[in-house]
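As the structure is a computational prediction, the values presented were derived from the model and not from experiment.
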Amino acid sequence: MPLKTSITPKARPAGLGQPGVQPTSEQSAALRSYLVQVQAAQLSQGLLREDGGGPDTPFTPDMLARNFEQIVFYNEYASALQGRGGESLLRRWEGPVRFDTIFGAGVPPSVRKAEDARIRDYAGRLGRVTGHPVNTLGPANFIVIVAGEDDRDAALNTAAARLSGLNAQDLDPLRDFGRDNYCIVIAFATGSDANTYTAAVAVVRAENPDLLRLSCIHEELAQGLGLANDSRDARPSIFNDDDEFALLTAHDELLLKMLYDPRLDIGMSAAEAAPITRIIARELTNSGPL
């Protein structure tokens with residue numbers, strides 16, 4: 001039985017099926033309308049920024065190190081009232097990460113083409129940032145599903161059949177999630193080490209409008225690499241449920257660099273990693289020695 005080591009939804013504060021688009025249900029159509037309204041409301045409030053931050057979002061090496069600790073070493077909090085989840089050990093991939101995409105039967109060809117290109121481009125960026133092998137070549141171990149209410153189950157079944165060590169029941173947590181969750185990712189350790197990821201599946205609602213879909217791709221794929229938590233203090237960052245930023249920021253790239261720095265080991269505790277992460281954070285922000 002694979003160990004489910006992380007499951008993270010983004011929530012509100014190779015194709016599957018025939019190339020033709022299938023009719024959508026009333027439920028899917030209503031969800032699409034609702035999410036369009038959500039995106040419009042967020043944009044009107046100055047949220048879903050695409051600028052990556054600027055003079056209004058400064059951060060120091062100490063802030064970067066603290067954000068790293070909260071995002072890497074704690075499980076995602078369930079609500080604003082419950083606070084952060086329990087402490088965990090450092091989790092990431094040891095072997096190459098190979099993305100593939102499965103589309104629901106109702107996803108239009110134009111959306112399939114656009115999202116496939118986005119995922120390929122983003123995989124390249126994640127590989128460059130982490131220095132870890134991340135690509136879309138070879139047998140997939142990280143599947144991104146873009147599907148709607150009507151075809152998510154079928155897409156998940158197809159994903160389970162493609163991933164070694166998993167079955168359809170392992171993906172049950174991804175089958176039904178509330179309408180205020182735009183997307184979700186779950187990572188698995190199917191080997192002997194509970195902290196080494198070997199498979200992951202992300203689900204992005206096809207009903208999302210364009211920017212929300214892209215925001216989901218940026219956050220869930222990065223979280224599936226090991227940045228599993230969100231922090232209310234992280235800024236400028238997509239790892240914050242306030243939805244201020246839609247796309248991976250320069251701050252977030254530094255978090256990924258830190259996560260895959262060879263000085264940090266899989267299975268480290270927050271206390272063990274802290275002296276090292278402080279050094280790395282200062283190096284990455286050009287702040288000089290401690």
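Proximity of a side-chain donor or acceptor of Asn208 to a complementary backbone N or O of Tyr182 within less than 3.5 Å is detected. Checked by atom type and distance alone, the side chain of Asn167 pairs as donor or acceptor with a backbone atom of Asp170 at under 3.5 Å. Judged purely by atom type and a 3.5 angstrom limit, Gln70 has no side-chain atom pairing as donor or acceptor with the backbone of Asn67. Remark: side-chain polar atoms of Ser33 are not paired, donor with acceptor, to backbone N or O of Ala30 under 3.5 angstrom. Using a distance-only test at 3.5 Å, with no hydrogens or angles considered, no donor-acceptor pair links the side chain of Asn135 to the main chain of Arg98. With hydrogens and angles ignored, the 3.5 Å screen pairs no side-chain donor or acceptor of Asp100 with any backbone N or O of Ala140. Here the side chain of Trp93 pairs no donor or acceptor atom with the backbone of Gly226 at under 3.5 angstrom. Formation of a donor-acceptor pair under 3.5 Å by the Gln39 side chain with backbone atoms of Leu212 is found in this model. Under a 3.5 Å cut-off, the side chain of Asn181 and the backbone N or O of Cys183 do not form any donor-acceptor pair.
Ion pair Asp116/Arg112 not flagged as a salt bridge, since none of the NZ, NE, NH1 or NH2 atoms sits closer than 4.0 Å to an Asp/Glu carboxylate oxygen. The existence of a salt bridge linking Arg213 and Asp210 is confirmed by a sub-4.0 Å separation between a basic side-chain nitrogen and an acidic carboxylate oxygen. Between Arg118 and Glu115 there is a salt bridge, since a side-chain N of the basic residue sits under 4.0 Å from a carboxylate O of the acidic one.
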Could you please spell out the steps behind the salt bridge (Lys or Arg N to Asp or Glu O under 4.0 Å) verdict for Arg179 and Glu149?
CA-CA 10 Å; Arg179 73 171 188 168; Glu149 288 295 289; over 6 Å; no
Show the numbers, then the answer: is there a side-chain hydrogen bond (donor to acceptor under 3.5 Å, both in side chains) between Thr249 and Asp252?
CA-CA 5 Å; Thr249 66; Asp252 298 333; 3.1 Å; yes
Could you go through Ile145 and Val204, starting from their C-alpha distance and side-chain angles, then the distance that decides it, and tell me whether this counts as side chain to side chain contact (heavy atoms under 4.5 Å, CB included)?
CA-CA 6 Å; Ile145 292 173; Val204 178; over 6 Å; no
Glu50 vs Leu211, test: side chain to side chain contact (heavy atoms under 4.5 Å, CB included). Steps then yes/no.
CA-CA 9 Å; Glu50 300 179 62; Leu211 183 55; 3.9 Å; yes
For Leu64 and Thr285: C-alpha separation, side-chain torsions, deciding distance, then whether side chain to side chain contact (heavy atoms under 4.5 Å, CB included) applies.
CA-CA 9 Å; Leu64 181 64; Thr285 55; 4.0 Å; yes
Using the side-chain hydrogen bond (donor to acceptor under 3.5 Å, both in side chains) rule, take Glu207 and Ser28 through it: C-alpha gap first, then chi angles, then the decisive distance, then the call.
CA-CA 7 Å; Glu207 291 90 355; Ser28 178; 2.7 Å; yes
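Annotation: side chain to side chain donor-acceptor pair (under 3.5 Å) contacts of Thr130 (sequence neighbours excluded): none. Partners of Asp233 under the side chain to side chain donor-acceptor pair (under 3.5 Å) rule, at least two apart in sequence or in another chain, do not exist in this structure. With sequence neighbours excluded, the residues satisfying salt bridge (charged side-chain N to carboxylate O under 4.0 Å, His left out) with Asp56 are Arg49, Arg235. In this view, Glu220 satisfies the side chain to side chain donor-acceptor pair (under 3.5 Å) rule with no residue, not counting sequence neighbours.
Side-chain atoms of Ser88 and Arg91 include a donor-acceptor pair closer than 3.5 Å. Side-chain contact, Asp230 with Tyr74: no donor N or O sits under 3.5 Å from an acceptor N or O. No side-chain N or O of Asn157 forms a donor-acceptor pair with one of Arg152 less than 3.5 Å apart.
Contact detail for Ala202 and Leu221: the closest heavy-atom pair is CB-CD1, 4.4 Å. Shown here for Ala234 and Asn240, the closest heavy-atom pair between the two residues is O-ND2, 3.1 Å. Between Met258 and Ala65 the shortest heavy-atom distance is CE-CA, 4.5 Å. The two residues Thr196 and Ala189 come nearest to each other via the heavy atoms O-CB, 3.3 Å. The heavy-atom pair separating Ala206 from Val107 by the smallest distance is CB-CG2, 3.9 Å. Minimum interatomic distance between Asn195 and Leu90 (heavy atoms only, all atoms of both residues): CB-O, 3.7 Å.
Here the OG1 atom belonging to Thr277 is positioned 11.5 Å from the CG atom belonging to Leu259, to the nearest 0.5 angstrom. Atom CG of residue Leu126 and atom CG of residue Leu248 lie 7.0 Å apart, to the nearest 0.5 angstrom. Annotation: the span from Lys257 atom NZ to Glu283 atom CD amounts to 12.0 Å, rounded to 0.5 Å. Rounding to the nearest 0.5 angstrom, the gap separating the CD atom in Glu87 from the OG atom in Ser269 is 6.5 Å.
Pairs passing the ring-ring contact (aromatic ring centres under 6.0 Å, His included) check and including a residue from residues 203-250, sequence neighbours excluded, read Tyr122-His218.
Cluster note: Leu247 groups with Leu214 through ILVMFWY side-chain heavy atoms spaced under 4.5 Å, whether in direct contact or through intervening members.
You'll find the side chain of Leu171 reaches within 4.5 Å of the side chain of Leu156, heavy atoms only. Contact of the Arg205 side chain with the Leu31 side chain is registered, since non-hydrogen atoms from C-beta on lie closer than 4.5 Å. Proximity of Thr198 to Asn141: side-chain heavy atoms (C-beta onward) are nowhere separated by under 4.5 Å. Looking only at side-chain heavy atoms (C-beta outward), Ile238 and Asp243 stay at 4.5 Å or farther from each other. In this structure the side chain of Ile276 reaches within 4.5 angstrom of the side chain of Leu264, judged on heavy atoms. Using a 4.5 Å cut-off on side-chain heavy atoms (C-beta onward), Ile71 and Gln223 make no contact. Thr57 places none of its side-chain heavy atoms less than 4.5 Å from the side chain of Phe59. Leu225 places a side-chain heavy atom less than 4.5 Å from the side chain of Tyr260.
The aromatic rings of Phe99 and Phe142 are tilted relative to each other, their planes meeting at an angle between 30° and 60°.
Because its NZ or CZ atom is not both nearer than 6.0 Å to the ring centre of Tyr197 and within 45° of the ring axis, Arg92 does not count as a cation-pi partner of that residue.
Using a 4.5 Å cut-off between side-chain heavy atoms of Ile, Leu, Val, Met, Phe, Trp and Tyr, with links allowed through other members, Ile186 and Leu89 fall into different hydrophobic clusters. If you chain together hydrophobic residues whose side chains sit under 4.5 Å apart, Val72 and Met63 fall into the same group. Cluster annotation: Leu43 is connected to Leu35 through the hydrophobic network of ILVMFWY side chains, with a link wherever side-chain heavy atoms come within less than 4.5 Å.
Within 6.0 Å of CD in Gln169 there are more than 12 heavy atoms belonging to other residues, nucleotides or ligands.
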